[in-house]
Protein chains: 2
Amino acid sequence: MNNEGQEREAGGREREFRGVEARPRNWLVPVILLSLREWNSYGYELMERASAFGFEAMNPGTLYRTLRQMEKEGIVESSWETSKGGPARRMYTITDAGRSYLDFWAKSLEQYQHTMDNFFRLYTGRPLQDKNKEEGGQKK
Amino acid sequence: MNNEGQEREAGGREREFRGVEARPRNWLVPVILLSLREWNSYGYELMERASAFGFEAMNPGTLYRTLRQMEKEGIVESSWETSKGGPARRMYTITDAGRSYLDFWAKSLEQYQHTMDNFFRLYTGRPLQDKNKEEGGQKK
DNA sequence: ATACTCTATGTGCATTTTACATATATGTAT
DNA sequence: ATACATATATGTAAAATGCACATAGAGTAT
């Protein structure tokens, strides 16, 4: 984070913004599924791909736990791979249910993009549109 | 070590996934600030504005608690208004720190929009970047 | 006056999601 | 041997969110 998120001390009262960041919830699962849809992979590699995707702050614990949870839910499957050098890898494969999940999420994401557009329209100074009288304005 | 009991409820068809929804984190705070930047307001009214914004699921508890927290952080200020009929209202005003917060968040949101675009580009099938590693492959 | 409804603000508790710290193990290079 | 990169995992805490319920003023109908 840079210090733009920090407010200078005013009147002896010091304030700071914690994680001021626009991020979605449950983002990790779709990113994993999207990666696995391209090719089978394992935790360590998926971590790198996720960060290349724009999610640097991803820590191992969260990722591995999420993968096991996803397997419980049946959207991925795994098996050990020991053929390669180094520690064994738990290779993951996306299931049909996983593909459905991804499709479902993508639709939801589309919806959400409109909401974000609304936010920006308001932020940049245009009057708020009522949701039932939606009209297409140009983006910033 | 093995593929221990995962509930396999596959199906190419799309089905309902509980809680599968693209939603941002910390969304409520920016929405409140954006509303307050237009005019001073209070919890009950802000709730209606937020839902008009596309956040139907907003429950009172979360909103009021968030408002008090925001005041603690110094991004809004409040005072009671008793002049109008009905129960007293706690009127909120955005502070300079609040405006900074909002600006900061908006920048972050812009960044995030690009990430979302990447996600969609990948999802819809257009290759995005490094496909230099093709190990594994879909074995299903 | 009593009950009922709309407005308005709040607390308590549980669940879900995410973050942080740490533990374990294997192969490779020095 | 020991240092390092790879690879997976757990334990615990904090943060975010959801759900149920509590309180109360003011107007209206009975």
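Below, chain A is the first sequence line, B the second, and so on; all start at residue 1. For clarity, every value in this text was computed on a predicted model and none was experimentally measured.
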For A/Gln69 and C/dT15, what is the distance between atoms CD and P respectively, to the nearest whole Å? 15 Å
I want to verify a distance call: between C/dT7, D/dC19, D/dT8, whose nearest atom is closest to the B/Tyr44 side chain? C/dT7
Calculate the interatomic distance between B/Arg90 atom CZ and C/dA8 atom C1'; express it in whole Å. 12 Å
Please determine which of B/Ile32, B/Leu33, B/Asn40 meets the side chain to side chain contact (heavy atoms under 4.5 Å, CB included) test together with B/Ile94. B/Leu33
What is the distance from CZ of B/Arg68 to P of C/dT9, rounded to the nearest Å? 10 Å
Look at the aromatic rings of B/Tyr123 and B/Phe120 and report parallel, tilted or perpendicular, splitting at 30° and 60°. perpendicular
Using a cut-off of strictly less than 4.0 Å between a heavy atom of the residue and any atom of DNA chain D, enumerate the qualifying residues of residues 77-85 of chain B by number. none
Nearest heavy atom decides the nucleotide; on that basis, is A/Gly61 or A/Pro87 closer to the 5' end of DNA chain D? A/Pro87
From the options C/dT9, D/dG18, D/dA9, select the nucleotide whose nearest atom is closest to the side chain of B/Thr62. D/dG18
Tell me: CD of A/Glu73 to P of C/dT17, nearest whole Å? 9 Å
Nearest-angstrom distance from the residue atom CD of B/Glu48 to C1' of C/dA8: 11 Å
Side-chain donor/acceptor contact of A/Arg65 with base of D/dG11 under 3.5 Å: yes
Write down the distance between CG (B/Leu28) and P (D/dT17), rounded to a whole number of angstrom. 8 Å
Salt bridge or not for B/Arg68 and B/Glu73, using N-O below 4.0 Å? no
Closest to the B/Pro60 side chain, choosing from D/dA9, C/dT9, C/dC20: C/dT9
Donor + acceptor pair across side chains of B/Glu77, B/Thr95 (<3.5 Å): no
Just to verify, which of B/Thr66, B/Asn59, B/Leu67 counts as forming a side chain to side chain contact (heavy atoms under 4.5 Å, CB included) with B/Leu63? B/Leu67
When you compare the side chain of A/Thr93 with that of A/Leu36, does any pair of heavy atoms fall below 4.5 Å? no
Taking the six-membered ring for Trp and the full ring for Phe, Tyr or His, determine whether the centres of B/Trp80 and B/Tyr42 are under 6.0 Å apart. no
A/Glu45 has an atom CD; how far is it from atom P of D/dA7, in whole Å? 8 Å
Given atom OH of A/Tyr64 and atom C1' of C/dT22, what is their separation to the nearest angstrom? 15 Å
